[in-house]
Amino acid sequence: MHTEELAMQLTPQQLLNNPFLNKGTAFTKAERDQYGLNGLLPPAVQTLDQQVKQAYAQYQAKPSDLEKRLFLMTLFNENHVLFYNLFAHHVAEMMPIVYDPTIADSIENYSALFTNPQNATYLSIDDQTDMAAAIRHSADGRDIKLIVVTDAEGILGIGDWGTQGVDIAVGKLMVYTVAAGIDPSQVLPVVLDAGTNNQALLDDDLYLGNRHPRIYGEKYHAFVDQFVATVEELFPELYLHFEDFGRSNAADILNQYKDQITTFNDDIQGTGIIVLAGLLGAMNVSKQKMTDQIYMSFGAGTAGAGITKRVYEEFLQQGLTPAEAKKHFYLVDKQGLLFDDMPDLTPEQRPFARSRAEFANADQLTTLLDCVKAVHPSVLVGTSTQPGAFTEAVVREMTAHTARPVIFPLSNPTKLAEVSAEHLIQWSDGKALVATGIASAPVHYHGVHYEIGQANNALVYPGLGLGTIAATAKLLTDGMISAAAHSLGGIVDPDQPGAAVLPPVTKLNQFSQTVAAAVAHRAIAEGLNRTPISDVDQAVAAMIWTPVYRKLPADIEIIK
């Protein structure tokens, strides 16, 4: 529910401490008289624009990215409208601060820097008796439509961070709001603390999470099941987003629930959507057919296998049989090319493992370069977190066998990237179609200005969520996911020399609405809406929250 629907008794100080209602120095003289705020604020009344200008100057004065993020988090805890208005005005600049890559520093230092729980819910596997009460208290009467939940075992690039990973849920929800306009009063970040295998955390006196190794198996799954059942009962129209669960659990949880509730795993599905959108954009530029591509994933964990599955499903939608489509896909992990006789393949890897009989030198395919020489891929996607893995030799080998190689080094942060965009353009003589997992500056090469698309899930998951919620969809289906990818991949300008294969983050809110509309229309077409919707575009527009000050609820009672 929107903040206008909240009813509560507050002291003047509590009003100023409520981030959903606080206007700070923008409270008018009349409001200060009405709510007993005189003397609690400086006399001057500022406009929101003045507050944003003032906050931005304070932000710019911070000496490091982490200090900038801490400043923004403080602002968020105090005043949601001001925070989101500032963020929206500087979205390309602040996205790497609010979210990736700076959020990694914030997560790693979370316990030491802890000052405010940020409206999050912290659930412990060691004490599940009051789970419903804890979630209700965190929601505080709000009608929650979106939860991002993590157990923080598999935070991309930095691994297991236990309860400190709650920051990933907080940051993800901030992007949902700034990109797609999802009302911040309708969201809730949750961390499921099942312990941690990060010994540095267990040895840290300041660590705020459970001090024991991670619990797996039946007890862990019962914990997750209880959480899902609880939130589904409390919030009947919930969109449940799973984030950064470990390789051993992420796919199992998604497969268990994806046909029962409205749920989404960004690492498995979201990254797949954005890579598919980038590939569709690349095909628009190169004028090639998707189903003619030979796809190689370097990194076959949760993200790599999930991306591969999404691209494979697009091959099926474009008319190939499963047997025909699988001939186009190759997974390479730390041991080299994955073969079907390997005993430790995950269920997600197994469908794409190859037969050794296909290669005369199968036992020698243990390095990426050897695999590229043997397979001649036209698409190479990296989720390996192996810095420098896409060497000049690898790039030149690809370029020798395909006119416009598609190369996406997706690992982040920067120190873990497989290759830089600049090297890709240089080593491919400007032929590579590139998207990176980190924000990359344009590359100037032989007179051409190459824009580099960022394969950032933020380009797609906010619009996907908005469209699904606006359509009151019972499930998130493959058809809805495909609609999101196609709507995003169609935004690129294929006739512009050096055009990016994905749209820029600077236009995030515009194309998030494009994605939302495509997803909502597909949900309605599939008959998934819980409530009748006559005008889909209007339903999407009605869901969008804008960060402006509103009249406070008429039934707020101030205790003076």
Side-chain angles (χ1 to χ4, degrees), residues 16-17 19-20 22-27 41-110 112-116 118-119 157 167-168 170-181 184 412-415 417 420-421 436-443 451-454 456 458-459 462 503-510 512 545-549:
L16 292 177
N17 289 330
F20 299 101
N22 182 29
K23 303 180 185 181
T25 54
F27 277 112
L41 295 165
V45 175
Q46 291 184 302
T47 65
L48 178 56
D49 286 344
Q50 288 174 318
Q51 289 180 317
V52 168
K53 181 179 179 181
Q54 183 182 54
Y56 185 55
Q58 295 169 349
Y59 167 87
Q60 288 181 302
K62 301 302 177 184
S64 69
D65 287 349
L66 181 57
E67 288 293 329
K68 287 178 177 178
R69 191 176 192 282
L70 294 174
F71 169 76
L72 291 176
M73 295 307 99
T74 298
L75 193 63
F76 169 79
N77 291 332
E78 295 172 352
N79 185 329
H80 283 355
V81 168
L82 177 54
F83 168 81
Y84 282 113
N85 200 291
L86 174 65
F87 192 2
H89 273 83
H90 305 280
V91 65
E93 177 184 356
M94 292 183 176
M95 184 69 75
I97 304 299
V98 170
Y99 195 59
D100 190 50
T102 308
I103 198 169
D105 291 336
S106 178
I107 290 167
E108 291 172 354
N109 293 282
Y110 182 83
L113 299 174
F114 180 84
T115 58
N116 189 297
Q118 297 172 326
N119 300 115
D167 246 11
I168 205 79
V170 174
K172 212 82 176 183
L173 288 169
M174 289 171 172
V175 178
Y176 267 111
T177 295
V178 79
N412 56 72
T414 304
K415 63 185 179 182
S420 69
T436 54
I438 57 172
S440 296
V443 176
E451 293 287 345
I452 307 300
Q454 184 182 3
N456 186 332
L459 298 180
V505 173
T506 52
K507 298 182 179 178
L508 189 58
N509 61 341
Q510 298 173 32
S512 289
W545 176 87
T546 53
V548 296
Y549 290 130

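Values in this document were obtained by computation on a predicted structure and should not be read as measured data.
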Would you say the side-chain atoms of Thr546 pair up with the backbone N or O of Val548, donor to acceptor, closer than 3.5 Å? no
Set of side chain to side chain donor-acceptor pair (under 3.5 Å) partners for Thr25, sequence neighbours left out: Gln46, Gln51
Where Val98 and Ile103 come nearest, the two heavy atoms and their spacing: O-CD1, 4.0 Å
Would you indicate whether the side-chain heavy atoms of Pro19 and Asn119 approach each other to under 4.5 Å? yes
With heavy-atom distances below 4.5 Å as the criterion, would you say the side chains of Tyr59 and Glu93 are in contact? yes
To the nearest 0.5 angstrom, please state how far the CG atom of Asp65 sits from the CE atom of Met94. 11.5 Å
Phe76 and His80 aromatic ring geometry - parallel, tilted or perpendicular at 30°/60° bounds: parallel
Taking atom CG of Asp49 and atom CD of Gln54, what is their separation to the nearest 0.5 Å? 12.5 Å
How about His89 and Tyr56: are their ring centres within less than 6.0 Å of each other? no
So, for Pro96 and Ala92, which heavy atoms are closest and what is the spacing to 0.1 Å? CD-O, 3.3 Å
Give the minimum heavy-atom separation between Phe83 and Leu72, together with the two atoms involved. CD1-O, 3.5 Å
Least distance between heavy atoms, Val45 atom then Gln50 atom: O-OE1, 4.2 Å
To the nearest 0.5 Å, what is the distance between OG1 (Thr115) and CG (Asn77)? 6.5 Å
Non-hydrogen side-chain atoms of Leu82 and Leu48 separated by less than 4.5 Å: yes
Does any non-hydrogen side-chain atom of Glu108 lie less than 4.5 Å from one of Asp105? yes
The test is side-chain contact (heavy atoms from CB on, under 4.5 Å); show your working for Asp100 and Asn456 and say whether it passes. CA-CA 9 Å; Asp100 190 50; Asn456 186 332; 5.8 Å; no
Return the CZ to OH distance between Phe87 and Tyr99, rounded to the nearest 0.5 Å. 11.0 Å
Quick one about Thr102 and Arg69 (side-chain donor to acceptor, distance below 3.5 Å, no hydrogens or angles considered), yes or no? no
Within the side chain of Asn22, is there an N or O that forms a donor-acceptor pair under 3.5 Å with the backbone of Asn17? no
Before you tell me yes or no, could you show the steps for Val81 and Lys23 under side-chain contact (heavy atoms from CB on, under 4.5 Å), namely the whole-Å CA-CA distance, both residues' side-chain angles and the distance that decides it to 0.1 Å? CA-CA 8 Å; Val81 168; Lys23 303 180 185 181; over 6 Å; no
Contacts of Lys68 meeting salt bridge (Lys or Arg N to Asp or Glu O under 4.0 Å) (sequence neighbours excluded), chain-then-number -> none
Regarding Asn79 and Tyr549, is there a side-chain donor-to-acceptor distance under 3.5 Å anywhere? yes
Does Ser512 use its side chain to pair, donor to acceptor, with the backbone of Leu508 at less than 3.5 Å? yes
Heavy-atom closest pair, residues Pro462 and Tyr176: CA-CD2, 3.6 Å
Rounded to the nearest 0.5 Å, the CD1 atom of Ile97 sits from the CE atom of Met73 at a distance of 10.0 Å
Straight-line distance of Leu113 CG to Leu66 CG, nearest 0.5 Å: 6.0 Å
Side chains of Val91 and Asn509, heavy atoms from C-beta outward: is any pair under 4.5 Å? no
For Leu41 versus Phe27, what's the shortest heavy-atom pair and its separation? CD1-CD1, 4.1 Å
